[in-house]
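So you know, we letter chains A, B, ... as the sequences are listed, proteins then strands, and number each from 1.
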There are 2 protein chains.
Amino acid sequence: MQGGRVLDLETARARVLDAADELFYGRGVQVVGMDELRSASGVSLKRLYQLFPSKGDLVEAYLRRRDARWRAALASYVDTRPAEVRVLAVFDWLYQWFGEDDFRGCGFINCFGELGSTSPVVADVTRTHKEAFQEYLAGLVAASGGSPELAAHLALLAEGAITTAAIAGSPEPARQARAAAILLLGPVLGCDQSVSRMSHRPCVRRRPGSL
Amino acid sequence: MQGGRVLDLETARARVLDAADELFYGRGVQVVGMDELRSASGVSLKRLYQLFPSKGDLVEAYLRRRDARWRAALASYVDTRPAEVRVLAVFDWLYQWFGEDDFRGCGFINCFGELGSTSPVVADVTRTHKEAFQEYLAGLVAASGGSPELAAHLALLAEGAITTAAIAGSPEPARQARAAAILLLGPVLGCDQSVSRMSHRPCVRRRPGSL
DNA sequence: CCACTCGGAGAACGATCGTTCTTAGCTCTG
DNA sequence: CAGAGCTAAGAACGATCGTTCTCCGAGTGG
């Protein structure tokens, strides 16, 4: 008898999470009240509290869904490229992300700065998200014959590019990180890749469209 | 007639800023109220509002003083080392910073995540702070004969190490960033530096005491 | 000793926020 | 149609916070 209602609950949940993603990511968690979330999602406060018993629960759900989406978007971009360029494709994906209109840095780092010292669950989800990214990158690097240390170095470059791009308001750090990654990959790619030829010329500029 | 009083005002200001630094950095800006700032500093609310007409002014002063202190600490560590190792000394200093008990990441990034979308002054001070660090690093790199691109790459490594160390709760990212920096510096140091010999062995482990 | 000023402690105020409760309307059953 | 149960809309509540105000005691000049 409640078939239609259950579906409604799920679309309500999706709409709330959509609004949370846009508002929490775009303006911060503490500055966005439940009332604004209600009007943005069109879901009544009662339903909202049925779905998420407290704002903290909603924040956690927001972070977990963002983690899944972010990693899926990255993987769907990277995994369709030829195996030899997948590691560098990570930085191409970053460049495209940095250029999006609503880019405002890493939602997890922002949330961690805001609530990490107060909320253990925020700190934990953030840690998990970063570890998952590092492991994904390590898998790509290992598949290219690179060492775990190389993977850690590239992860630091990516991390630095994210925050630098957010603060500077420019996607350029992704290019710089990519150029540095080429240098670090040099010995790895050197065996049979033509990319290695420019490994001693750090200033590699490419047109935005090309990858 | 107010000689003693003026001096009091300055010590009061210092005590307020000390408390702000500890509380804002350690727990976040929004979670710390003016009342807690008063009891932590021992300065009455009245004086506090004479010194800083609003909480926003206090936040700005906190950030500006933290910027000056942070850069001075870094420079005082780096500039006393021999010229050839100054670039790497940046990462040694980071390692020591990450190991401090109250280390909680970059206070500017934390504050930017919390208030950057709301407060233009916070965004601006943060941008200025990061630019100053990048320029300082670029000066060190240029003095070693490195290119501006290399400086940008090393800045990304340092930035990534800061946030990674904060989230992981470990100082290790400084070591990894240092190892990556050695690889990137390889061509530069290669001319007359013995460090270049390990430039193809990324996994450089040193005992914590040594730098 | 007295009047006056000044600063500290904390109450008070207005706004906001997370959360709950009230109210009124709609739907579905008999 | 009657009434029960559900919902949306928004008022209400309690807590917190930034900011201001009140009161009172201490120190000072005459």
Side-chain angles (χ1 to χ4, degrees), chain A residues 1-20 22-24 26-63 111 114-115 117-122, chain B residues 1-20 22-24 26-63 111 114-115 117-122:
Chain A
M1 68 177 88
Q2 38 175 234
R5 302 305 163 86
V6 165
L7 221 146
D8 250 19
L9 271 190
E10 295 201 356
T11 68
R13 192 184 155 87
R15 260 194 265 179
V16 169
L17 286 174
D18 283 343
E22 183 171 333
L23 294 174
F24 285 164
R27 314 224 317 267
V29 170
Q30 310 204 65
V31 83
V32 172
M34 296 298 271
D35 226 53
E36 191 168 1
L37 233 29
R38 174 181 74 112
S39 50
S41 67
V43 172
S44 76
L45 246 75
K46 193 173 186 175
R47 282 275 269 289
L48 221 161
Y49 274 94
Q50 283 173 0
L51 292 163
F52 307 98
S54 79
K55 193 183 183 182
D57 294 307
L58 177 55
V59 171
E60 180 179 351
Y62 148 69
L63 288 178
C111 199
E114 204 171 353
L115 304 166
S117 74
T118 307
S119 154
V121 38
V122 166
Chain B
M1 69 178 86
Q2 38 175 234
R5 300 303 160 86
V6 164
L7 220 147
D8 249 19
L9 271 190
E10 295 203 356
T11 68
R13 193 183 154 88
R15 260 194 265 181
V16 170
L17 286 175
D18 283 342
E22 182 171 333
L23 294 174
F24 285 164
R27 313 223 318 265
V29 170
Q30 310 204 64
V31 83
V32 171
M34 296 298 269
D35 226 54
E36 191 168 1
L37 233 28
R38 173 182 73 112
S39 50
S41 66
V43 172
S44 78
L45 243 69
K46 197 174 187 175
R47 280 276 268 290
L48 220 161
Y49 274 93
Q50 284 175 359
L51 292 163
F52 307 98
S54 78
K55 192 183 182 182
D57 294 308
L58 177 54
V59 171
E60 180 178 352
Y62 148 68
L63 288 177
C111 199
E114 205 172 350
L115 303 166
S117 74
T118 306
S119 155
V121 38
V122 166

Nearest whole angstrom, please: distance from the [atom2] of [N] to the [atom1] of [X].
X     : N      : atom1 : atom2 : result
A:E36 : C:dC17 : CD    : P     : 8 Å
B:D35 : C:dA12 : CG    : P     : 14 Å
B:Q50 : D:dT20 : CD    : C1'   : 13 Å
B:M34 : C:dG10 : CE    : C1'   : 15 Å

Q | the helix from C:dC1-D:dG30 to C:dG30-D:dC1: angle between end helix axes, five pairs per end, rounded to 10 degrees | A |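 Comparing the axis at each end, I get an angle of 20°.
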Between [options], which nucleotide has the shortest distance from any of its atoms to the side chain of [X]?
X     : options               : answer
B:L45 : D:dA8, C:dA9, C:dA11  : C:dA11
A:R38 : D:dG10, D:dT7, C:dA9  : D:dG10
B:Y49 : C:dT19, C:dG8, D:dT20 : D:dT20
A:K55 : D:dA8, C:dG18, D:dT19 : C:dG18

(Q) Treating B:E114 as the side-chain partner and B:Q30 as the backbone partner, does any N or O pair qualify as donor plus acceptor under 3.5 Å? (A)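 Checked: pair present.
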Q: Count the heavy atoms of every other residue, nucleotide or ligand shown that sit under 6.0 Å from CD of B:Q50, and state whether that count exceeds 12.
A: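 Above 12, so yes.
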**Q.** Rounded distance (nearest 0.5 Å) linking atom CG of A:L37 with atom CZ of A:R15
**A.**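 Rounded to the nearest 0.5 Å, the CG-CZ separation comes to 13.5 Å.
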